[in-house]
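For reference, the structure is listed below as structure tokens.
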Amino acid sequence: MDPVGVGSSPGPDIPPPLRPKGVQRLKRILLGRPKDLQDPHLFRHISLAAFLAWVGLGADGLSSSAYGPQEAFKNLGEHTYLAVFMAAATAFTVIIIAAAYTRVIQHFPFGGGGYVVASRLLGPRAGVVSGSALLVDYVLTISVSIAAGGDAVFSVIPNGDHWATLHVAGLPLKLQIELVACALLVILNLRGVKESVKTLMPIFLVFIATHAIVIATGIGLHLGRAHEVAREVSTGLSHGMSTLGLGGLALLFLRAYSLGGGTYTGIEAVSNGLQIMREPRVQTGKRTMAYMAISLAVTAGGIILCYLLMDVHFVDDNHTMNSLLAAKLAGGIRLAGMPVGAWFVFITLLSEALLLFVAAQAGFIDGPRVMANMAHDSWFPHRFSALSDRLTMQNGVLLMGGAGFFMLLYTGGKVDALVVMYSINVFLTFSLTQAAMLRYWVQRDTRAKHPDWARHIWIHVVGGALCATILVITVFEKFREGGWVTVLATGALIALCLAIKRHYNGVFQRLKRLDQILEALPRGPAPALTVERKKPTAVLLVGGYSGLGIHSLLTVVKLFPRYFHSVIFMTVGVVDSASFQGVEEVDRIRDQAEEDLKKYVDQARRMGLPADYRVGMGTEAVAGCVQLAEETARDFERPIFFAGKLIFERERWFDRFLHNETAYAIQRRLQFTGLPMVVLPVRVLE
């Protein structure tokens with residue numbers, strides 16, 4: 001079958017594409033121009049090398065050094081000599097969790113992290129629990145990071161307490177700035193992941209440089225008194241053993257260690273965001289994880305050690321321990337009469353404050369990807385797996401940003417309330433992931449494939465024990481202080497996902513009945529029939545080859561008997577977040593679409609109808625179909641377009657949201673350009 005050429009015959013007058021005006025022009029300015037899926041260098045241009053991935057995803061983990069080590073050290077109380085062991089335990093935990101997630105990257109190289117691992121190894125129900133916990137976690141990542149950043153900024157500026165509480169238009173100024181920051185991050189991420197990361201990279205680099213100086217100097221200045229510190233630790237241990245006993249001292253340490261669990265949040269971000277990594281993805285992901293693990297272990301462990309060596313103690317909520325540490329270390333330094341130390345302290349604390357805003361990137365990068373994976377598996381509305389023309393998960397970014405915005409309003413931007421809710425879901429996902437990887441390594445097939453499986457499994461045993469311990473203690477300690485909100489929100493989201501999945505499964509099963517039509521169709525070779533461009537032509541928008549598409553074809557023949565001389569089957573291969581893996585995957589989608597269309601063409605010819613097909617590619621069905629329809633209309637003088645629309649016997653308020661109104665949207669756009677289109681009802685029987 002020779003494809004019909006484009007532009008060889010005049011068609012109906014089609015107005016030129018409208019130039020962006022008003023809102024469209026503003027959108028183009030804010031978000032940039034659409035990206036071309038046909039660009040062979042596209043994936044390299046938008047993917048992240050290990051360093052940029054470290055900036056975009058590692059900021060979440062590094063920013064936790066602003067509050068995680070402080071929380072652990074503070075809960076040691078007067079037993080600060082235990083900080084030596086706390087620093088070692090913190091660094092060890094970071095390395096173990098990072099090593100465990102490196103195994104996840106290696107064995108699940110297409111991203112999805114904890115959700116995909118739990119789904120495949122523990123079952124769909126465990127997967128939806130892990131995915132829901134991750135979504136709530138990433139919403140709280142956004143709100144916690146922005147709220148903590150707001151607190152840190154106002155603690156740096158002079159008279160910050162006054163300005164933070166100053167009410168403007170009924171809201172505190174600090175909260176208003178946090179809400180504006182949330183909105184700006186939404187816009188940045190709608191433009192594209194790489195663009196947002198590059199914009200925020202200078203803040204990340206300043207943070208790394210200043211905190212490296214603080215930790216190196218704080219520890220280096222006290223290397224000479226190592227014997228003295230060791231003697232103080234030994235004396236403290238003896239005193240603690242005599243007053244609390246070994247069990248009491250261990251429980252005190254375990255509680256402080258667990259309540260400092262916020263330090264480890266964000267480590268899983270690399271495995272969740274593997275899809276945005278540059279090829280080879282696995283190697284890039286492992287390198288990014290190494291950067292993150294080393295930087296977080298050194299920063300968090302080093303800060304705790306500096307607290308002990310510099311004798312820094314928690315004072316009140318208006319002064320972070322990191323600010324006290326920096327001030328004690330460098331605040332009094334002057335060079336040539338200039339307060340160089342004060343400037344350094346200001347830059348250090350400002351970089352820490354701004355890094356907290358950057359840390360919200362993890363929520364905007366990974367949250368929509370988890371949501372897209374869940375949408376692909378029908379736990380979430382399918383529209384959340386779609387990509388925008390900027391190749392971002394626009395719907396997911398907007399939902400994550402909106403939810404983070406709401407949480408800031410709900411809590412008034414109070415970090416202590418948000419951190420409590422934040423930590424629980426992190427370790428729920430961590431624990432499920434470790435349990436899933438344990439199951440992976442004990443499976444018979446895995447042990448046969450990897451004779452050295454015992455060498456790998458211990459990481460997940462230790463990591464799982466650590467994560468489960470932190471989870472249990474955090475829930476027990478913080479449930480009444482706000483942890484119940486997280487449990488309630490996660491449970492409600494799980495229930496919603498189960499209801500959505502049940503709906504999609506029911507509709508799918510009812511639509512499968514239409515496939516019975518395929519068994520009654522004529523078989524044999526398809527005759528060669530010529531399509532005549534000047535005669536009436538039915539252009540039928542279809543998806544994959546199924547009974548649903550054949551049902552639409554038979555409906556057209558029945559409604560317009562002997563009117564149409566030929567039929568053109570048209571489809572757009574939609575590249576969504578699940579299939580956005582590289583140029584080869586885009587080509588595979590096109591090839592699959594052409595193969596399905598050829599089956600439709602052969603079937604129409606067996607029915608005596610001359611037929612041909614048109615195929616396009618895009619990230620969104622409506623825009624792609626409209627563009628392809630306009631091109632097709634230039635080939636035929638008398639085309640009428642048709643598309644099917646699911647009609648429910650009892651349509652409920654959520655049916656339109658769960659099933660995109662694609663047919664009506666295409667109809668409106670085509671009618672505006674002067675092209676006739678008929679929407680065919682496809683009944684979904686109860």
Side-chain angles (χ1 to χ4, degrees), residues 64-65 67-97 215 218-264 296-316 320-322 324-325 328-329 419-420 423-424 427 430-431 458-459 461-481 483:
S64 65
S65 63
Y67 49 81
Q70 171 180 299
E71 194 67 22
F73 190 87
K74 181 174 69 174
N75 280 282
L76 289 176
E78 62 181 14
H79 304 276
T80 54
Y81 53 86
L82 293 174
V84 173
F85 307 103
M86 184 65 72
T90 299
F92 176 76
T93 304
V94 169
I95 298 300
I96 285 294
I97 295 177
I215 294 169
I219 295 176
L221 290 176
H222 293 80
L223 286 177
R225 54 184 293 263
H227 294 295
E228 181 183 343
V229 172
R231 188 167 55 252
E232 291 175 357
V233 171
S234 178
T235 303
L237 280 173
S238 299
H239 177 71
M241 292 283 286
S242 62
T243 55
L244 296 178
L246 178 60
L249 205 60
L251 288 175
L252 171 73
F253 180 85
L254 191 59
R255 179 179 181 276
Y257 166 77
S258 298
L259 294 180
T263 305
Y264 318 115
L296 179 56
V298 171
T299 303
I303 285 175
I304 292 175
L305 202 55
C306 284
Y307 290 159
L308 174 65
L309 297 175
M310 301 290 294
D311 195 28
V312 177
H313 297 277
F314 179 76
V315 177
D316 55 48
T320 66
M321 291 182 65
N322 285 4
L324 297 175
L325 173 63
K328 196 166 187 176
L329 183 69
V419 167
V420 169
S423 301
I424 292 175
F427 287 98
F430 280 2
S431 300
W458 72 268
I459 291 177
V461 172
V462 176
L466 293 175
C467 294
T469 300
I470 295 173
L471 173 63
V472 171
I473 293 177
T474 304
V475 172
F476 178 78
E477 287 282 341
K478 298 297 185 179
F479 186 80
R480 293 185 179 180
E481 298 179 25

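Please read all numbers here as calculations on a predicted model, not as lab measurements.
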How many angstroms lie between atom CG of Leu305 and atom CZ of Phe73, to the nearest 0.5 angstrom? 10.0 Å
Please find the pair of heavy atoms, one from Ser64 and one from Leu296, that lie closest to each other, and give the distance. OG-CD1, 4.0 Å
Got a sec, which pairs hit salt bridge (Lys or Arg N to Asp or Glu O under 4.0 Å) with one end in residues 232-247, sequence neighbours left out? Arg225-Glu232
Using modelled atom types and a 3.5 Å cut-off, is there a donor and acceptor pairing between side-chain atoms of Lys328 and backbone atoms of Val312? no
Residue pairs, two or more places apart or on separate chains, that pass salt bridge (Lys or Arg N to Asp or Glu O under 4.0 Å) and touch residues 237-246: none
Would you check if the side chain of Thr235 reaches a backbone N or O of Arg231 as a donor-acceptor pair within less than 3.5 Å? yes
So which atom in Ala87 and which in Gly301 form the shortest heavy-atom distance, rounded to 0.1 Å? CB-O, 3.4 Å
Taking side chain to side chain contact (heavy atoms under 4.5 Å, CB included) as the definition, give me every residue that meets it alongside Ile215, ordered by chain and number, with sequence neighbours left out. Ile219, Thr299, Ile303
Contact summary for Ile304 and Met86, nearest pair of heavy atoms: CD1-CG, 3.9 Å
In terms of heavy-atom contacts, Ala297 and Ile95 come closest through CB-CD1, 4.2 Å
When rounded to the nearest 0.5 angstrom, what is the spacing between CD1 in Ile97 and OG1 in Thr263? 10.0 Å
Going by the side chain to side chain donor-acceptor pair (under 3.5 Å) test, which pairs reach into residues 86-95, not counting sequence neighbours? Thr93-Tyr257
Just jot down the ring-ring contact (aromatic ring centres under 6.0 Å, His included) partners of Phe427, sequence neighbours excluded, or say none. Phe430
Quick one: CG on Asn322 to CD on Gln70, what's the gap to the nearest 0.5 Å? 7.0 Å
Donor-acceptor contacts, no H, no angles, side chain residues 248-256, under 3.5 Å, sequence neighbours left out:
residue: Arg255; atom: NE; partner: Glu477; partner atom: OE1; Å: 3.3
residue: Arg255; atom: NE; partner: Glu477; partner atom: OE2; Å: 3.2
residue: Arg255; atom: NH1; partner: Asn75; partner atom: OD1; Å: 3.0
residue: Arg255; atom: NH2; partner: Glu477; partner atom: OE1; Å: 3.3

Do any side-chain atoms of residues 76-84 form donor-acceptor pairs under 3.5 angstrom with protein atoms, and if so which ones, sequence neighbours left out?
residue: His79; atom: ND1; partner: Tyr81; partner atom: OH; Å: 2.7
residue: Tyr81; atom: OH; partner: Gly236; partner atom: O; Å: 3.1

What pairs with Ile459 under side chain to side chain contact (heavy atoms under 4.5 Å, CB included), at least two apart in sequence or on another chain? Ala99, Ala100, Arg103
Which residues pass the side chain to side chain contact (heavy atoms under 4.5 Å, CB included) test with Val472, not counting sequence neighbours? none
Check Met241 against Leu246 and note the closest heavy-atom contact, atom names and distance. SD-CA, 3.7 Å
Is any side-chain heavy atom of Glu228 less than 4.5 Å from a side-chain heavy atom of His222? no
Under 4.0 Å between a side-chain nitrogen and a carboxylate oxygen: does that hold for Glu71 and Lys74? yes
His313: what forms a side chain to side chain donor-acceptor pair (under 3.5 Å) with it, not counting sequence neighbours? Asp311
Check ring-ring contact (aromatic ring centres under 6.0 Å, His included) between Tyr264 and all other residues, then give those that pass, not counting sequence neighbours. none
Val462: what forms a side chain to side chain contact (heavy atoms under 4.5 Å, CB included) with it, not counting sequence neighbours? Phe92, Ile96, Trp458, Leu466
